[in-house]
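The basis for the numbers below is simple: all heavy atoms, side chains too, and nothing from hydrogens, waters or symmetry mates.
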Amino acid sequence: MDKKIFPDEPEIPILSNLFTAGNLVCGFFAILTIFEGINQADSDAVAAFSYYQNATFLIFAACLFDLFDGRIARMRGQDGPFGREFDSLADIVSFGIAPALLVAKAVLFQLSPPEVGWGIGILYLLCAALRLARFNCMAAAPRKEGQSSDFVGLPVPMAAGAVVSTMYLVMYLAGRAPDGAMDLGVFKYVIALAMAGVSILMMSRVVYPSFKHINMRTRGTMYAIVFIVLAVICIFKFPWVMPAVIFSIYLLYGLVRPWVARRWRNRLEARDGE
């Protein structure tokens, strides 16, 4: 395309945006899988939940694509406005619409009255969209000296991961009933509260680490290597438990981080004053 005629036409890096496209495609297939589950819901509840679990896997896959697209763009020096906008559009599908639809149909519509489920689903979707819009505005603003690269508010992919991993764990436990029934019981209220909680955290001022400084050249400790290897082994050994554990640790870390940092700072100041 002639830059003289269209001077504002953005350049589109291929590799990083392919990962973003993978994110979007996973979200699309997750939604299709959810609709398959909806079609099965009236005749075979167990089969429907199997589709919902497959949709959960697709959302996890979208998280992996999202983890690498921005990192690849930064490594290649191709982090720009096009990739940021494309990533947000993919995120609203994979981590906004898909989780809201999944949890609403699988869990929230079982609540009484049904309007509660509608309200929580809409709250999550709105907060995800607003969180992405706020992030884009902050990312487009000129960076100030000493400005942190951490996230303000829970990132949308982590919010989606926390919700669907919790639902996946609950569905797995419910599916282990002796009669094969799929009764979530009181756990549907746990999932509803979790979804409402992450919705609020997305729009909060809680600071979460971005890990943008970690790349192929980052040096770590032996403890970090051992921890990562053990975490990977546990994910393969306990795939129904570990995603919920990992996402929950990240979610809780942002909440306790200021308290831990304050205690650590007070301890250092007390030591310096001796």
K.L.:
Membership question, hydrophobic clusters at under 4.5 Å side-chain separation (ILVMFWY): are Tyr51 and Val25 in the same one?
P.N.:
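Not linked; separate clusters.
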K.L.:
Please report the C-alpha distance between Leu255 and Leu251 in whole Å, then the side-chain angles of each, then the deciding distance to 0.1 Å, and finally whether the side chain to side chain contact (heavy atoms under 4.5 Å, CB included) criterion is met.
P.N.:
CA-CA 7 Å; Leu255 296 175; Leu251 188 151; 4.3 Å; yes
K.L.:
Could you measure the distance from the OG atom of Ser88 to the CZ atom of Phe95? Nearest 0.5 Å is fine.
P.N.:
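Taking OG in Ser88 and CZ in Phe95, the distance rounds to 11.0 Å.
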K.L.:
Does any part of the side chain of Phe151, heavy atoms only, come nearer than 4.5 Å to the side chain of Val207, both counted from C-beta?
P.N.:
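Not touching, per the 4.5 Å side-chain cut-off.
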K.L.:
Main chain of Gly153, side chain of Arg205: is a donor-acceptor contact present, judged purely on distance under 3.5 Å?
P.N.:
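Between the backbone of Gly153 and the side chain of Arg205 there is no qualifying donor-acceptor contact (under 3.5 Å).
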K.L.:
Which pair of heavy atoms, one from Tyr250 and one from Pro155, lies closest together, and at what distance?
P.N.:
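Shortest heavy-atom contact: OH-CG, 3.7 Å.
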K.L.:
Take Ile31 and Val93, measure what side chain to side chain contact (heavy atoms under 4.5 Å, CB included) needs, and give me the verdict at the end.
P.N.:
CA-CA 9 Å; Ile31 292 172; Val93 174; 4.0 Å; yes
K.L.:
Answer yes if Ile122 and Tyr124 sit in the same cluster of Ile, Leu, Val, Met, Phe, Trp and Tyr residues linked by side chain heavy atoms under 4.5 Å apart, and no otherwise.
P.N.:
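In one cluster with Ile122: Tyr124, no.
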K.L.:
For the aromatic rings, using the six-membered ring if either is Trp, is the centroid distance between Tyr208 and Tyr253 under 6.0 Å?
P.N.:
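No, the ring centres sit 6.0 Å or more apart.
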K.L.:
Is the backbone N or O of Val241 less than 3.5 Å from a side-chain atom of Tyr168, with the two atoms forming a donor-acceptor pair by type?
P.N.:
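No, Tyr168 side chain to Val241 backbone: no donor-acceptor pair under 3.5 Å.
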K.L.:
Keeping Ser94 on the side-chain end and Asp91 on the backbone end, is there a donor-acceptor pair under 3.5 Å?
P.N.:
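Not confirmed, Ser94 side chain does not pair with Asp91 backbone.
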K.L.:
Could you please spell out the steps behind the side chain to side chain contact (heavy atoms under 4.5 Å, CB included) verdict for Phe109 and Trp118?
P.N.:
CA-CA 7 Å; Phe109 291 168; Trp118 281 101; 3.9 Å; yes
K.L.:
Of the non-hydrogen atoms in Gly37 and Ala48, which two are nearest, and what is the gap between them?
P.N.:
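Looking at all heavy atoms of both residues, the shortest contact is O-CB, 3.3 Å.
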K.L.:
Within a 6.0 Å radius of atom CZ on Phe28, are there more than 12 heavy atoms belonging to other residues, nucleotides or ligands?
P.N.:
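Atom CZ in Phe28 is not packed in, count stays at 12 or less.
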K.L.:
Checking the side chain of Gln110 only, and the main-chain atoms of Ala106 only, is there a donor and an acceptor separated by less than 3.5 Å?
P.N.:
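Yes: the side chain of Gln110 pairs with the backbone of Ala106.
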K.L.:
Measure the CD1-CE distance between Ile249 and Met242 for me, rounded to the nearest 0.5 Å.
P.N.:
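Those atoms lie 6.5 Å apart.
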K.L.:
Quick one: list whatever passes side-chain contact (heavy atoms from CB on, under 4.5 Å) with Leu108, sequence neighbours left out.
P.N.:
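Scan of Leu108 (side-chain contact (heavy atoms from CB on, under 4.5 Å), adjacent residues dropped) gives Val103, Ala104, Leu111, Ile120, Ala192, Met195.
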K.L.:
May I ask whether Val198 and Val206 are part of the same hydrophobic cluster, defined by side-chain heavy atoms of I, L, V, M, F, W, Y residues being less than 4.5 angstrom apart, directly or through others?
P.N.:
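Yes, one cluster joins them.
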K.L.:
Once you round to the nearest 0.5 Å, how far does CG of Asp87 lie from CG of Asn23?
P.N.:
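These two atoms lie 6.5 Å from each other.
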K.L.:
Look up atom SG in Cys234 and atom CD1 in Ile246, then write down how far apart they are to the nearest 0.5 Å.
P.N.:
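If I round to the nearest 0.5 Å, the distance is 8.5 Å.
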K.L.:
State, to 0.1 Å, how close Pro239 and Pro243 come at their nearest heavy-atom pair, and which atoms those are.
P.N.:
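That would be O-CD, 3.1 Å.
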K.L.:
Quick check on the hydrophobic clustering: are Phe135 and Ile97 connected, directly or via other members, by side-chain heavy-atom contacts under 4.5 Å?
P.N.:
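In one cluster: yes.
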K.L.:
Classify the ring geometry of Trp240 against Phe238: parallel below 30°, tilted from 30° to 60°, perpendicular beyond 60°.
P.N.:
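If you compare the ring of Trp240 with that of Phe238, the planes turn out perpendicular.
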K.L.:
Atom CG in Asn54, atom CZ in Phe29: separation rounded to 0.5 Å?
P.N.:
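The CG atom of Asn54 sits 13.0 Å away from the CZ atom of Phe29.
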K.L.:
For Leu101 and Phe35, what are the C-alpha separation, side-chain angles and deciding distance, and is it a side chain to side chain contact (heavy atoms under 4.5 Å, CB included)?
P.N.:
CA-CA 9 Å; Leu101 180 62; Phe35 280 120; 4.1 Å; yes
K.L.:
Is there a donor-acceptor pair under 3.5 Å between the side chain of Arg134 and the backbone N or O of Val152?
P.N.:
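Here the side-chain-to-backbone pair exists.
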K.L.:
Quick one: side chains of residues 56-70, donor-acceptor pairs under 3.5 Å with protein atoms, not counting sequence neighbours, listed by atom name and distance.
P.N.:
from: Thr56; atom 1: OG1; to: Tyr52; atom 2: O; distance (Å): 3.0
from: Asp69; atom 1: OD2; to: Thr20; atom 2: OG1; distance (Å): 2.9

K.L.:
In Å, rounded to the nearest 0.5 Å, how long is the span from CZ of Arg84 to CG of Leu89?
P.N.:
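Here the interatomic distance stands at 12.5 Å.
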K.L.:
Would you mind listing the cluster partners of Leu18? Hydrophobic ones only (ILVMFWY), side-chain contacts under 4.5 Å, chaining allowed.
P.N.:
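Hydrophobic cluster check, Leu18: joined to Ile14.
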K.L.:
Same hydrophobic cluster for Leu193 and Val164, using side-chain heavy-atom links shorter than 4.5 Å among ILVMFWY?
P.N.:
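No, it is not one cluster - the side chains of Leu193 and Val164 are not joined through contacts under 4.5 Å.
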K.L.:
Less than 4.5 Å apart, side chain to side chain, heavy atoms only: is that true for Pro209 and Arg257?
P.N.:
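Pro209 reaches Arg257 side chain to side chain.
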